[in-house]
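Here the structure is laid out as structure tokens; the discussion comes afterwards.
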Amino acid sequence: ADNGYWASLLRSCSRVLRGNNLLALDIKPPPQASGVAYGTAASLKNLPQRTLLICMPSPGEAGLAEVALASFGGDRLAYVGEWGTGLTATRKFHSQLLRDFELEGQIKLPCWAFTRVELFLFRR
């Protein structure tokens, strides 16, 4: 979630969220972060938001995205990253998404050469 840039962009795009509440958590949110709250995966269980943003999760932090996904009780997920390349998230995370959610849409994003970052929108 970091400085809130992605959360702000998604909140401003009614096509993406369709009025749903967006949850963006970070264990070290900067004070100026717009709409980013302190939180961990354990925080997800009791929050009212129905859309979780997972943005560019590191594959080197095994379990990070997987635990957040397993802890989230809402019905929508916005995932920013690559699909199945190993650059973002893990194979296990992508498998969990396909098992527990249905892909509603994806939006290609501007990105660096040799990367394929997209916004993937899922519904449980």
Side-chain angles (χ1 to χ4, degrees):
D2 195 34
N3 66 11
Y5 178 73
W6 278 104
S8 175
L9 283 176
L10 290 175
R11 282 188 185 99
S12 70
C13 183
S14 61
R15 174 179 163 223
V16 174
L17 292 181
R18 297 184 193 129
N20 286 284
N21 293 324
L22 176 71
L23 174 62
L25 297 177
D26 199 307
I27 58 170
K28 295 180 183 175
Q32 73 279 10
S34 170
V36 179
Y38 170 82
T40 65
S43 307
L44 297 172
K45 293 181 191 267
N46 299 314
L47 294 173
Q49 285 80 0
R50 295 184 357 199
T51 301
L52 173 65
L53 167 62
I54 296 184
C55 185
M56 302 294 288
S58 169
E61 296 180 74
L64 177 74
E66 294 89 339
V67 172
L69 189 60
S71 300
F72 178 59
D75 59 354
R76 299 194 68 187
L77 178 102
Y79 165 56
V80 176
E82 288 197 3
W83 190 265
T85 64
L87 180 66
T88 58
T90 62
R91 188 173 289 155
K92 181 179 178 184
F93 172 76
H94 291 121
S95 294
Q96 276 181 270
L97 278 176
L98 292 175
R99 183 190 67 221
D100 299 339
F101 290 82
E102 180 179 328
L103 181 65
E104 283 194 308
Q106 62 192 87
I107 300 170
K108 293 182 188 252
L109 302 172
C111 53
W112 296 103
F114 305 110
T115 63
R116 300 293 175 257
V117 176
E118 296 181 60
L119 167 63
F120 298 90
L121 304 167
F122 291 92
R123 179 180 292 279
R124 197 178 298 270

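FYI, side chains are in, hydrogens and waters are out, and symmetry mates aren't considered; it's all heavy atoms of this structure.
- Taking CD from Glu118 and NZ from Lys108, the interatomic distance works out to 5.0 Å, rounded to the nearest 0.5 Å.
- Scanning for side chain to side chain contact (heavy atoms under 4.5 Å, CB included) contacts around Ala89 gives Pro57, Tyr79, Phe93, His94, with sequence neighbours left out.
- Nearest heavy-atom pair, Thr88 versus Pro59, reported as atom, atom and distance to 0.1 Å: CA-CD, 4.0 Å.
- Arg124 places a side-chain N or O within 3.5 Å of a backbone atom of Gly74 that can act as its donor or acceptor partner.
- The CG atom of Leu98 sits 6.0 Å away from the CZ atom of Phe122 when rounded to the nearest 0.5 Å.
- Scanning for side chain to side chain contact (heavy atoms under 4.5 Å, CB included) contacts around Leu87 gives Glu82, Thr85, Thr115, with sequence neighbours left out.
- Taking every heavy atom of both residues into account, Ala78 and Leu121 meet most closely at CB-CD2, 4.1 Å.
- Residue Phe120 holds its CZ atom at 15.0 Å from CZ of Phe101, rounded to the nearest 0.5 Å.
- Hydrophobic clustering places Trp83 together with Leu52 (ILVMFWY residues linked when any side-chain heavy atoms are closer than 4.5 Å, directly or through intermediates).
- Considering only residues two or more places apart in sequence or on other chains, Gln96 meets the side chain to side chain contact (heavy atoms under 4.5 Å, CB included) condition with Glu66, Leu69, Ala70, Lys92, Arg99.
- Taking CG of Leu77 as the reference point, atom CG of Asp100 lies at 10.5 Å (rounded to 0.5 Å).
- Judged as a side chain to side chain contact (heavy atoms under 4.5 Å, CB included), and not counting sequence neighbours, the contacts of Ser58 are Glu61.
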